[in-house]
**Student:** 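What follows is a single structure, and I will ask about it in a moment.
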There are 2 protein chains.
Amino acid sequence: MALEHAILVSLAERSASGYELARRFDASIGHFWSATHQQIYKVLGRMEDAGLVAVELIEQSGRPDKKLYAITEPGRTELRRWTAEPTPPERLRSTFAVKLRALPFGDRDAIVTDVRRQRDEHRATLRYYEESAARFYPDASNIGPDDLGGWLVLRGGIRTEEGAIAWCDEILQTLGER
Amino acid sequence: MALEHAILVSLAERSASGYELARRFDASIGHFWSATHQQIYKVLGRMEDAGLVAVELIEQSGRPDKKLYAITEPGRTELRRWTAEPTPPERLRSTFAVKLRALPFGDRDAIVTDVRRQRDEHRATLRYYEESAARFYPDASNIGPDDLGGWLVLRGGIRTEEGAIAWCDEILQTLGER
DNA sequence: GATCTCATGTAATCAGTTACATGATTTC
DNA sequence: GAAATCATGTAACTGATTACATGAGATC
């Protein structure tokens with residue numbers, strides 16, 4: 001289960017409450033591993049029982065107490081152990097590809113419109129990634145060792161979006177539309 | 001739920017038993033939408049109740065009777081309706097990206113080994129796609145209308161694998177390994 | 001004799017989504 | 001006055017995986 005490990009990575013980068021984690025999963029980390037707050041709370045509870053994370057209760061007035069989660073030594077050990085495991089083959093699920101394959105049985109005009117919309121979204125995501133890269137890693141030729149992971153993931157995101165846009169262009173060209 | 005629609009597409013292409021569908025989901029269709037036989041049998045039952053598919057029972061000796069499923073008129077209508085819906089944004093889940101991000105907290109050598117293994121797998125998949133393209137679509141400049149969907153999906157698969165390989169190369173280069 | 005293919009499923013469990021719930025504080 | 005932010009969760013449900021079960025015929 002990679003959600004646990006995604007949480008461990010995020011907490012290793014910086015301790016956080018469940019709420020803050022949920023917001024991270026709406027943004028940076030969420031671009032390659034999404035999760036809702038309900039799920040995060042559930043898993044955090046399980047991880048606390050397992051001793052992978054520790055909680056510090058921070059009392060607040062006017063709102064529920066905040067639970068600040070931090071990775072523990074066993075958590076770091078588990079994270080390290082997990083990174084040494086070979087990554088199992090990812091089985092991707094692409095609704096878009098299913099729909100494309102349905103082309104001979106579907107509504108061609110609607111699909112073309114959808115491909116254009118899809119391309120627009122990929123363009124927006126690409127722009128966002130490029131801005132993130134410029135903001136967080138201004139000197140791309142000299143990335144510090146602690147930033148290497150984040151940088152390489154961002155590079156992967158940029159490549160993925162560029163590839164998706166090029167694919168959409170090819171589809172539109174093949175279907176004779178611009 | 002796209003599994004239902006993936007099954008509808010597959011049955012629109014050619015009627016099949018649950019077993020045959022399961023094998024298709026191990027191969028061609030499964031490259032972009034995976035499913036096990038247990039899941040397929042379950043969903044097929046539900047789809048039959050909903051009238052999207054019809055069953056013809058074929059008696060056999062020495063093995064269980066075969067149930068040959070075919071798409072029905074309501075099934076075709078539903079498939080057509082679904083293709084006209086805008087595709088919801090796909091939230092990807094990449095264990096590999098999580099692991100990369102864990103680089104500063106993990107076992108660097110093991111991760112490098114894993115990236116190389118990952119690259120090998122993508123190379124093998126790419127080779128497989130290219131062979132499929134050569135076998136099923138020998139004249140790439142002239143694809144028939146019924147083959148357009150399958151061809152474009154295959155093109156997407158090839159692009160995805162090429163992109164993944166290039167990303168792996170970049171990672172290895174950045175980490176100073178070949 | 002062992003393993004693979006054909007052919008169907010059930011049961012238990014785990015992961016993930018959607019809906020519901022509360023309530024103060026800050027911003028528009 | 002409405003909506004967003006902070007902060008926690010529970011409950012019901014759906015989707016997907018893993019394990020178990022059966023049994024004949026074909027191939028190694």
Side-chain angles (χ1 to χ4, degrees), chain A residues 1-8 10-11 15-27 29-30 32-50 52-53 55-69 88-95 98, chain B residues 1-8 10-11 15-27 29-30 32-50 53 55-69 82 88-95 98:
Chain A
M1 228 261 294
L3 176 54
E4 275 177 4
H5 296 104
I7 289 176
L8 284 178
S10 201
L11 290 179
S15 296
S17 67
Y19 183 84
E20 286 170 313
L21 278 173
R23 285 197 313 157
R24 289 185 201 167
F25 277 83
D26 281 340
I29 292 242
F32 52 92
W33 200 277
S34 59
T36 60
H37 73 103
Q38 293 93 330
Q39 211 188 136
I40 289 167
Y41 284 125
K42 210 189 294 179
V43 173
L44 272 176
R46 195 203 299 159
M47 290 169 77
E48 199 201 331
D49 292 344
L52 300 171
V53 298
V55 192
E56 188 196 348
L57 221 124
I58 294 172
E59 287 181 47
Q60 299 188 127
S61 55
R63 57 184 59 172
D65 294 346
K66 183 195 276 199
K67 291 183 177 177
L68 190 70
Y69 287 91
E90 328 252 10
R91 18 179 82 189
L92 71 118
R93 294 250 157 92
S94 169
T95 312
V98 174
Chain B
M1 230 262 293
L3 175 55
E4 275 177 4
H5 297 104
I7 289 176
L8 284 178
S10 199
L11 290 179
S15 296
S17 67
Y19 184 85
E20 284 170 314
L21 277 174
R23 285 197 313 156
R24 289 186 201 167
F25 276 83
D26 281 339
I29 292 239
F32 53 92
W33 200 275
S34 58
T36 59
H37 73 104
Q38 293 92 332
Q39 210 187 137
I40 290 166
Y41 283 125
K42 210 189 295 179
V43 174
L44 272 176
R46 196 202 300 161
M47 290 169 76
E48 199 201 334
D49 291 344
V53 297
V55 192
E56 189 197 348
L57 221 125
I58 294 170
E59 287 181 48
Q60 299 187 128
S61 57
R63 56 184 62 172
D65 294 347
K66 183 194 276 200
K67 291 182 177 178
L68 190 70
Y69 287 91
W82 175 74
E90 328 251 10
R91 17 177 86 188
L92 71 118
R93 293 251 158 92
S94 169
T95 312
V98 175

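Convention: sequence-line order gives letters A, B, ...; per-chain numbering from 1.
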**Student:** If each of A:G18 and B:R46 is mapped to the nucleotide of DNA chain D with the nearest heavy atom, which maps nearer the 5' terminus, i.e. the 5' end?
**Tutor:** A:G18

**Student:** Rounded to the nearest 0.5 Å, how far apart are CG of B:D65 and CG of B:L57?
**Tutor:**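 If I round to the nearest 0.5 Å, the distance is 5.0 Å.
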
**Student:** For C:dC6, does either OP1 or OP2 sit under 4.0 Å from a side-chain N or O belonging to B:Y19?
**Tutor:** yes

**Student:** What's the closest nucleotide to the side chain of A:W33 if the choices are C:dG16, D:dT17, D:dA7?
**Tutor:** C:dG16

**Student:** Do side-chain atoms of A:E20 reach the backbone of A:S17 as a donor and acceptor pair under 3.5 angstrom?
**Tutor:**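 It does hold such a pair.
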
**Student:** CG of B:L44 to CG of B:D49: how many Å apart, nearest 0.5 Å?
**Tutor:**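 The CG atom of B:D49 is 11.0 Å from CG of B:L44, to the nearest 0.5 Å.
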
**Student:** Nearest to the A:K66 side chain among C:dG16, D:dT8, C:dA7, which nucleotide is it?
**Tutor:**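 So the nucleotide nearest the side chain must be D:dT8.
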
**Student:** Could you go through nucleotides 24-26 of chain C and list every protein N or O atom that sits under 3.5 Å from one of its N or O atoms, giving the distance for each pair?
**Tutor:**
from, atom 1, to, atom 2, distance (Å)
C:dA24, O4', A:G62, O, 2.9

**Student:** Check whether any side-chain N or O of B:S17 sits under 4.0 Å from OP1 or OP2 of C:dT8, and answer yes or no.
**Tutor:** yes

**Student:** Among D:dT17, C:dT17, D:dT8, which nucleotide sits nearest the side chain of A:R93?
**Tutor:**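 So the nucleotide nearest the side chain must be D:dT17.
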
**Student:** Do B:R93 and A:R93 come within less than 4.5 Å of each other through their side chains, counting heavy atoms only?
**Tutor:**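 In short, these two side chains do not touch, never coming nearer than 4.5 Å.
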
**Student:** Without swapping roles, check the side chain of A:E4 against the backbone of A:M47 for a donor-acceptor pair under 3.5 Å.
**Tutor:**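 Checking the backbone N and O of A:M47 against the side chain of A:E4, no donor-acceptor pair under 3.5 Å is found.
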
**Student:** Shortest non-hydrogen contact from B:L11 to B:A16?
**Tutor:** CD2-N, 3.6 Å

**Student:** Quick check on C:dA15: is either OP1 or OP2 less than 4.0 Å from any side-chain nitrogen or oxygen of A:Q39?
**Tutor:**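 No.
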
**Student:** Polar atom pairs between nucleotides 9-11 of chain D and protein, under 3.5 Å, N or O only, would you list them?
**Tutor:**
from, atom 1, to, atom 2, distance (Å)
D:dG9, OP1, A:K67, NZ, 2.5

**Student:** Which nucleotide wins on minimum distance to the side chain of B:P64, given the candidates C:dA7, D:dT8, C:dT17?
**Tutor:** C:dA7

